[in-house]
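Okay, structure first, notes after.
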Amino acid sequence: MTSPTDQSPSPDGEIHTDHSKLASAIERGIFASRWLLAPLYLGLTVSLLLLLVKFVQGTVELARQTGTEDANKLITGILSLVDLSLMGNLLVMVMFAGYENFVSRFGEITKGNRPDWMGNVGFGALKLKLMTSIIAIAAIHMLEDFMHVAEIDNRELGWSVGILVAFVVSGLLLALMDRLGGSGH
């Protein structure tokens, strides 16, 4: 029989007398392994920086060509910038929600500067937000294709529409599964 001082709490905070020291060490190791995700979120931060560089390059290029290009090219350029912006939002959502849900809560650094949704987005809601962003990005690409419909063959246009419809149907099914599963967050 183990003494109360030999008993270690499990991840749920309960003290179990049947846990061996080996089992406790394994549980602590598995629980600590969540920190292996932190470099992935740092990598997404680098990706966000790279996306910003592309956004600035696109904005400068768009500004240079504004006087010489027609309205369709301007609209396509703006849609490309919106696409990059949505992708940036997607990265921030994944970084914040993923870090808070799977690694650790943000500390003092976020006090007073914390988005309302941060800390309230569960895995189900994150999946829906990601799918919504992907659908919006696909819709922007579809709009770009329609802006150049004369230059695109029917097969390529058909694939664009088919992919967008597949994303929309997938998003609706994901939302339905989330609602039926009672997640709601």
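Not measured: the values here are computed from a predicted model.
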Treating Ile, Leu, Val, Met, Phe, Trp and Tyr as nodes and any side-chain heavy-atom pair under 4.5 angstrom as an edge, say whether Val56 and Val92 lie in one connected cluster.
no
In short, Leu164 meets Ala138 closest at the heavy-atom pair CD1-CB, 3.8 Å
Separation of Glu144 CD from Ser160 OG (nearest 0.5 Å)
10.0 Å
Would a single hydrophobic cluster contain both Trp35 and Ile26, if residues Ile, Leu, Val, Met, Phe, Trp and Tyr are joined by side-chain heavy-atom contacts under 4.5 Å?
no
Contact check, side chains of Leu52 and Leu48, non-hydrogen atoms, under 4.5 Å
no
Calculate, to the nearest 0.5 Å, the distance between atoms OG and NE2 belonging to Ser80 and His141 respectively.
7.5 Å
Measure from the side-chain N and O atoms of Arg179 to the backbone N and O of Leu176, and report whether any donor-acceptor pair falls under 3.5 Å.
no
Rounded to the nearest 0.5 Å, how far does CG of Leu174 lie from CZ of Phe167?
12.5 Å
Answer yes if the side chains of Glu61 and Gln57 hold a donor-acceptor pair under 3.5 Å, and no otherwise.
no
Assess whether atom OH of Tyr41 is packed by more than 12 heavy atoms of other residues, nucleotides or ligands within 6.0 Å.
yes
Closest contact, heavy atoms only, Leu90 versus Leu130
CD1-CD2, 2.8 Å
Inter-residue atom distance Thr59.OG1 - Leu81.CG, 0.5 Å rounding:
4.5 Å
Between atom CD1 of Ile140 and atom CG of Leu86, what is the distance when rounded to the nearest 0.5 Å?
4.5 Å
So Phe96 and Glu100, do their side chains get closer than 4.5 Å, heavy atoms only?
no
My understanding is that only residues two or more places apart in sequence, or in another chain, count here; which of them pass side chain to side chain contact (heavy atoms under 4.5 Å, CB included) with Leu157?
Met142, Asp145, Phe146, Val149, Ile152
Do the non-hydrogen side-chain atoms of Asn89 and Ser85 ever get within less than 4.5 Å of each other?
yes
With rounding to the nearest 0.5 angstrom, report the CG to CG distance, Leu44 to Leu51.
11.0 Å
Less than 4.5 Å apart, side chain to side chain, heavy atoms only: is that true for Val169 and Val165?
yes
Least distance between heavy atoms, Leu36 atom then Leu40 atom
O-CG, 4.3 Å
Is there side-chain contact between Leu79 and Ile75, with heavy atoms separated by less than 4.5 Å?
yes
Leu42-Leu37 co-clustered via ILVMFWY side chain contacts under 4.5 Å
no
Considering all heavy atoms, the nearest Ser170-Met131 contact
CB-CE, 3.8 Å
Side-chain heavy atoms of Met87 within contact of Ser133, under 4.5 Å:
no
